[in-house]
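The model shown is predicted, which means the values in this text are computed figures rather than measured ones. We count ligands from 1, going down the list as the structure has it; atoms in each ligand are counted the same way. The figures that follow rest on heavy atoms only: side chains count, while hydrogens, waters and symmetry mates do not. One is the number of the first residue; the rest follow in order along the sequence.
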Amino acid sequence: MNGENIADGAGITGKLADKLLASGADVVTLGNHTYRRPGIGEYLATSDVVIRPANAGAWTPGHGLAVVEARNGVSVAVLNLLGSLFLEVPRSPWEVVDELVDEARRRAPVVVVDFHAEATSEKVAMARWLDGRVTAVVGTHTHVQTSDARVLPGGTAAITDAGMTGPHDSVIGVKAELAIRRMRTRLPVRFEPAEGGVRIEGVVVDCSDDGRASGIEALRIDV
Ligand SMILES: [Fe+2]
């Protein structure tokens, strides 16, 4: 699960991360809002399963790779990376991804990459670059589920954006009138999370124990 905006729409707290884990998430990934909430750095420094982007900088607390066990005993590695187009990143994901994928594959046959990035082109390019080396490249950050869930020729499942679990009667989760006011007036407006149209969105990836994907389905569930 990507949990970077679980704390009222911006960031995450240790308490909320624990809640996500207790609700059934095996690994929680984050993104560009990782360090918005006080105390989260200390939490991430000691957590093996709540991870921040691996290219978030050498001195930021936390880990960028988690390895957990699936219900059938197969090891699953989860990698979190930030895109470099239109986002500020201390290191380009392209500089670090190959080494990280090698490390993940040494530790687990199934490798899932959460590529938290703004540009569709960068997310499509990363999926193509990793095709055949990882099980899935799942895009996050843009909140709008894309219609390109597919398995690439090398056996890597990919989607540009898994979508958003949250209030869809909104501007990507924010009360629409506040987001529009900030855009129109260019004045500072305090964002508040919206409430209506709550949907669960995500993807289900089918794969074999050797990590090769055979299917991917985008999910959209009204609640
Ligand atoms: Fe984000």
Check: T142/K123 side-chain N/O donor and acceptor closer than 3.5 Å: yes
Side-chain (Y35) to main-chain (P61) donor-acceptor, under 3.5 angstrom: yes
Charged N-O contact under 4.0 Å between R181 and E177: no
Short side-chain donor-acceptor distance under 3.5 Å, D48 and H63: no
2.8 Å cut-off (strict), protein N, O or S atoms about the Fe ion (ligand 1): 4
Side-chain heavy atoms of E118 within contact of N32, under 4.5 Å: no
Under 3.5 Å side-chain donor-acceptor pair for T29 and N80: no
